[in-house]
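Read the structure below first, then the notes.
Please read these numbers as outputs of a predicted model, since none were measured by experiment.
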Amino acid sequence: MVLNIRRILYKYAKCLIITVLTIFFAQILISINYFPSIHENKFLRRSSHNSLHLNNLAEVSARRINPGISDDEDLSPRNQQNKAVLRKEELDFIPICEVKSREAISAIHRAKSQFCKQLIVNKTCLIQDGNFYPQELNNYCKLNAKIFGRHIGCYSDEKKLRLLSSFYGNYANLNSPLYCLDICVQAGFPYAGVQYGTECFCGEESPPETSKIPDKSCDMKCPGDISQVCGGYFTMNVYETGLHKFIPQTPEIKTQDGKSIRIVFLLTLNGRALRQVYRLINTLYRKNHYFYIHIDKRQDYLHRKLSSLEKQFPNIRLAPVRFSTIWGGASLLKMLLNCMKDFIDLGWEWDYVINLSESDFPIKSLEELENFLSANKGLNFVKSHGREVQRFIKKQGLDKTFLECETHMWRIGERKLPRGITIDGGSDWVALSPDFVSYIIEGKQDLLKGLEIIFEHTLLPAESFFHTVLRNSKFCNTYVDNNLHVTNWKRKLGCKCQYKHVVDWCGCSPNDFRTEDWAKIQNTLNRQLFFARKFEPIINQEIITRVEQFIGVNDHYLINNLEAYWQSIYDTNDLTASTDDTVLSHAGSIIRQNSKILATEGCDIKSGEILEIHLYKYADVYKGNLILHKAVLNNGLNVVIETWYKPKHHLELNFNSPIVDYIKTFRVGSDYDQKEMIFRNFGGILGPFSDPVLLYQFSSHKQSGNLTVLWLDPAGMLADVNIISRDENNLTNFIKPNIRHPLLPGVWKVGLFEQTTLVAVTKFLITPLEYFSGKEVSHQEVGLIHSGSHNSYRNLTNIKPLKFVPAKEESLLLEEVSNSNIKRIGNDLREWIDILNIEFYSILGSCINDSKNTHESEKVLCGNYHFNPCAVTEWSSLSPDPKGTIGKLDIHTGRLKRV
């Protein structure tokens, strides 16, 4: 008996020990997974004089790179708990109320100017008073005798076959017939139903009379209003919302002779893609259509170049009032409405307005568009979101208040949308009739006045305003769910919060079409789609050429420079931009370098003003930059010279490393586009106030683990450390180092390590500035601009990777040289800039533009060097480019004729 008891106790003790050990090891595994810095950096634990030390690295780095999230302040409620008190000492005014919204307080502290801070405070206080937004608006889309809130009975419901199947929501504390009715009206459904106390249903079809049961079968109280009944167990109280079943109009498929149709192409332009704008206008131009062009207020170059079109063509006008618009900003809708008012005041007679950007391009002939619109006059073309309305409202942030100032959309709190109206939205690209546009511009009804207040404080207002007005106005029966566009959505690439520097929200943006997307355009052949977006020749021009061939616009075999593309980077007549100092300092050095090359040929030139700088691509491959500048030859001849140059590559690989073959890209640049995965600063021209980004790309492999990235400044000091988690989900990504401005000028190095083994090194140049604010730097300025920010580096002195961080003696020498360079000024400064640029850029050629030389094909002799005229030099920005040059009007056909 005793023996059996002992056996039983032993058995249980053994089980208990096994259980305890299992829990112990499980906790260790959990700790490893939740504290990856310890596990992931275990290869750094070895300690030696020339190795990386884990403890040091953990102290100074200990953070995983997450490029999809910006560095903006986290607005989550959890993060706001300790930031809900307004720090009034930061304000130079007395708030008119106690600001309660955590989001508003966050926005006030992040805003830079006192003007913007006060604007946010004042607006928040008005909203807190409860009288800012309209609580209810009238819906004028009444097509039948349904009455809002009329109870039509209690009905028996089934789990597998719902009476109202269009929407379902469960509101444990809020549900009531009125609450559910408001939701169903907001979503545009004719019927609302409450069930089981907390459940709300919406539907398009009236429930069958066979399901009707006595009212007493619906007997559960509503949590939002205990005086009301909200159905029961699979029983539903059903109400009318006052709306009819919404069915968008189906446009006519048959075509008519479109000769009588007149279209206003409302072009809203941004950027510097002048030649693509010309290409778009050339494709759409007919003398019976109009072009109203709004150019962003900050785009001086584009406005200056396009201003001449008003004199050349009577049906082209540039907007006299220009707005500075931002992605998602309220200014976008203001700009569109102001433009529409302007061309109505011009007295133009038109049948449709279609808004387009420089990134749009037609995918069918203009004649097909004319015929289609001619057959469907009076209809309004918008594209709806195509998803559940409540989900759309949350995703779009329509239930939030936004305020635009400092070229930023600040989120300042929650809001409740007005009762009585249907909310709709989707795309901000539309085709609208003159009657509907006039109705909006006049804006006399309470509906329009109320919506104006709402959408002035709405993120992406142009994506919802026209849809919502249509759905709630007398024009609701003209709604067509089609904006005539196909959009190249690649949401995994386009939804990476890339706009958080301008909005307090995560937004999405479509990708540019490339040749691999050609099938998407071909598939529109038999669909009522006439435009596509986005197109950027700086990304891919071949797809645009294919589209032109597809719609029969041009005889492409006759076009010179068909595969070439030029885009302006700098123009001497531009309003000064902060980036110009870097570009001009760099370009001046390239010109001096070219002058030295020409001098070896006996051609001594005196360089003058830089006129323009272009980016040059051929067959969608970046070929370098072109600098157009004035010069005087040694014979006294005044000419304009264009110099072609391109950057060198600086990647060194350790072929003894077992992972070196997996490295496809490892380089530094700026203006990185997450969506297109390219550096928009093609030439890699970086200065002390640039934001360098490391782009890495690995080929697919089975090995996992971490890699370490070290940033070394020109003085030999470690500026930052980053960790790359190497796995199949992180093969292509980017790293933005945590280094403050100004960056130390000179040659920077970035090293990639696997444990202590150096795998790859890339170098990049931070160009010293010869100019500051457009003028030559002074002694006082140069000390501040070129001193770097090494005092703000984190303590990385104990990290000593083998053969990367210089030894103490070498480091002291580099520091001494750097300190000496900081003091350079005048010719001494220019010499330093030139030495650096020679290492990073190569001169490829020069051409000449001599206004006195009447024979464009004749070469110009300078010493022993023969300059080719730029007009016959294929790479020159001055060579003919028919596809990117505005044509002349053929008075017989109404088409723009090539020059």
Side-chain angles (χ1 to χ4, degrees), residues 77 103 133-137 139 141 148-149 157 162-205 222-225 230-231 236-246 248 328 382-402 411 413-427 450-451 454-455 457-461 463-472 476 479 481 491 495 505-508:
E103 293 175 321
Y133 289 120
Q135 296 182 1
E136 185 172 1
L137 290 174
N139 187 329
C141 182
F148 174 81
D157 199 8
R162 292 293 189 183
L163 290 173
L164 305 178
S165 59
S166 300
F167 171 79
Y168 165 78
N170 195 316
Y171 306 99
N173 301 315
L174 301 171
N175 202 40
S176 69
L178 183 60
Y179 186 84
C180 187
L181 276 162
D182 286 345
I183 287 174
C184 295
V185 169
Q186 201 170 67
F189 294 115
Y191 298 96
V194 286
Q195 183 175 146
Y196 203 59
T198 62
E199 296 178 336
C200 171
F201 293 84
C202 304
E204 294 182 321
E205 306 296 339
C222 305
D225 183 354
C230 284
M236 182 187 297
N237 291 106
V238 181
Y239 298 84
E240 289 180 351
T241 66
L243 304 179
H244 68 289
K245 180 180 179 181
F246 179 70
V382 295
K383 183 63 181 173
S384 185
H385 52 85
R387 60 168 65 91
E388 184 183 286
V389 171
Q390 293 303 314
R391 183 180 165 213
F392 173 73
I393 289 172
K394 293 290 183 183
K395 184 178 178 64
Q396 202 79 351
L398 291 172
D399 55 349
K400 312 284 185 185
T401 292
F402 287 84
R411 189 168 87 233
E414 306 283 331
R415 71 176 178 187
K416 186 177 180 181
L417 293 169
R419 298 176 53 206
I421 61 170
T422 298
I423 302 298
D424 195 6
S427 168
L451 290 179
I454 292 166
F455 283 98
H457 301 91
T458 296
L459 177 69
L460 298 161
E463 294 188 2
S464 297
F465 176 77
F466 299 108
H467 305 66
T468 302
V469 174
L470 270 174
R471 289 291 299 271
N472 296 281
C476 57
Y479 184 115
D481 188 8
R491 296 192 183 273
C495 298
W505 201 252
C506 267
C508 298

**OP:** Evaluate the side-chain proximity of His457 to Tyr133: yes if any heavy-atom separation is below 4.5 Å, no if none is.
**Re:** yes
Original post:
Looking at Gln390, Lys394, Arg415, which hits side-chain hydrogen bond (donor to acceptor under 3.5 Å, both in side chains) with Asp399?
Top reply: Lys394
**OP:** Starting at CG of Asn472, measure out to CG of Asn139 and round the result to the nearest 0.5 Å.
**Re:** 4.0 Å
**OP:** I would like to know whether Asp481 and Ser384 meet side-chain hydrogen bond (donor to acceptor under 3.5 Å, both in side chains); could you show each step before the answer?
**Re:** CA-CA 6 Å; Asp481 188 8; Ser384 185; 4.9 Å; no
**OP:** Determine, stepwise, if the pair Gln135 / Lys416 fulfils side-chain contact (heavy atoms from CB on, under 4.5 Å).
**Re:** CA-CA 8 Å; Gln135 296 182 1; Lys416 186 177 180 181; over 6 Å; no
**OP:** Check whether the ring centres of Tyr179 and Tyr171 lie less than 6.0 Å apart, and answer yes or no.
**Re:** yes
**OP:** State whether the SG distance for the cysteine pair Cys506/Cys495 is less than 2.5 Å.
**Re:** no
Original post:
Does Leu163 reach the side chain of Gln195, with side-chain heavy atoms less than 4.5 Å apart?
Top reply: no
Original post:
What do you reckon, is CZ of Arg391 surrounded by more than 12 foreign heavy atoms closer than 6.0 Å?
Top reply: no
Subject >> Min side-chain heavy-atom separation Arg419-Phe148 under 4.5 Å >> reply: yes
Subject >> Gap between atom CG of Asn175 and atom CD1 of Ile183 - 0.5 Å precision >> reply: 7.5 Å
**OP:** Specify whether Phe392 and His385 have parallel, tilted or perpendicular ring planes, treating 30° as the upper limit for parallel and 60° as the lower limit for perpendicular.
**Re:** parallel
Subject >> Spacing of Thr401 atom OG1 and Ile454 atom CD1 [to the nearest 0.5 Å] >> reply: 10.0 Å
Original post:
Going by heavy atoms in the side chains, are Cys141 and His244 under 4.5 Å from each other?
Top reply: yes
Original post:
Do the side chains of Leu470 and Asp424 get nearer than 4.5 Å, heavy atoms only?
Top reply: no
**OP:** Report yes if the side chains of Leu178 and Asp225 come closer than 4.5 Å at any heavy-atom pair, otherwise no.
**Re:** no
Subject >> From Leu164 atom CG to Phe189 atom CZ, the distance as rounded to the nearest 0.5 Å >> reply: 10.0 Å
Subject >> Nearest non-hydrogen partners of Trp505 and Arg411, listed with the distance >> reply: CE3-NH1, 3.5 Å
**OP:** In sequence, state the C-alpha distance, the side-chain angles, and the governing distance for Leu398 and Ser464, and then conclude on side-chain contact (heavy atoms from CB on, under 4.5 Å).
**Re:** CA-CA 9 Å; Leu398 291 172; Ser464 297; 4.1 Å; yes
Original post:
Say you draw a straight line from CD of Glu204 to CZ of Phe246; how long is it, rounded to the nearest 0.5 Å?
Top reply: 10.5 Å
Subject >> Over all atoms of both residues, closest heavy-atom pair of Arg162 and Asp157 >> reply: NH1-OD2, 2.9 Å
**OP:** Evaluate side-chain hydrogen bond (donor to acceptor under 3.5 Å, both in side chains) for Asn170 paired with Thr198, printing each intermediate quantity in order.
**Re:** CA-CA 6 Å; Asn170 195 316; Thr198 62; 3.0 Å; yes
Original post:
Leu137 and Pro134: which non-hydrogen atoms are nearest, and at how many Å?
Top reply: CD2-CB, 4.0 Å
Original post:
Are the two sulfur (SG) atoms of Cys202 and Cys180 closer than 2.5 Å?
Top reply: no
Subject >> Closest non-hydrogen atom pair between Arg471 and Gly188, with its separation >> reply: NH2-CA, 3.8 Å
Subject >> Side-chain heavy atoms of Pro177 within contact of Asn237, under 4.5 Å >> reply: no
Original post:
Roughly how far, to the nearest 0.5 Å, is the CD atom of Glu463 from the OG1 atom of Thr468?
Top reply: 11.5 Å
Original post:
So which heavy atom on Gly426 is nearest to which on His467, and how close?
Top reply: N-NE2, 3.7 Å
Original post:
Can you tell me if Thr422 uses its side chain to pair, donor with acceptor, with the backbone of Ala187 under 3.5 Å?
Top reply: no
Subject >> Exercise: identify the closest heavy-atom pair between Gly328 and Leu459 >> reply: O-CD1, 3.5 Å
**OP:** Starting from the C-alpha separation in whole Å, work towards a yes-or-no answer on disulfide (SG to SG under 2.5 Å) for Cys184 and Cys200.
**Re:** CA-CA 9 Å; Cys184 295; Cys200 171; 4.3 Å; no
Subject >> Any Tyr191 side-chain heavy atom under 4.5 Å of Glu240 side chain >> reply: yes
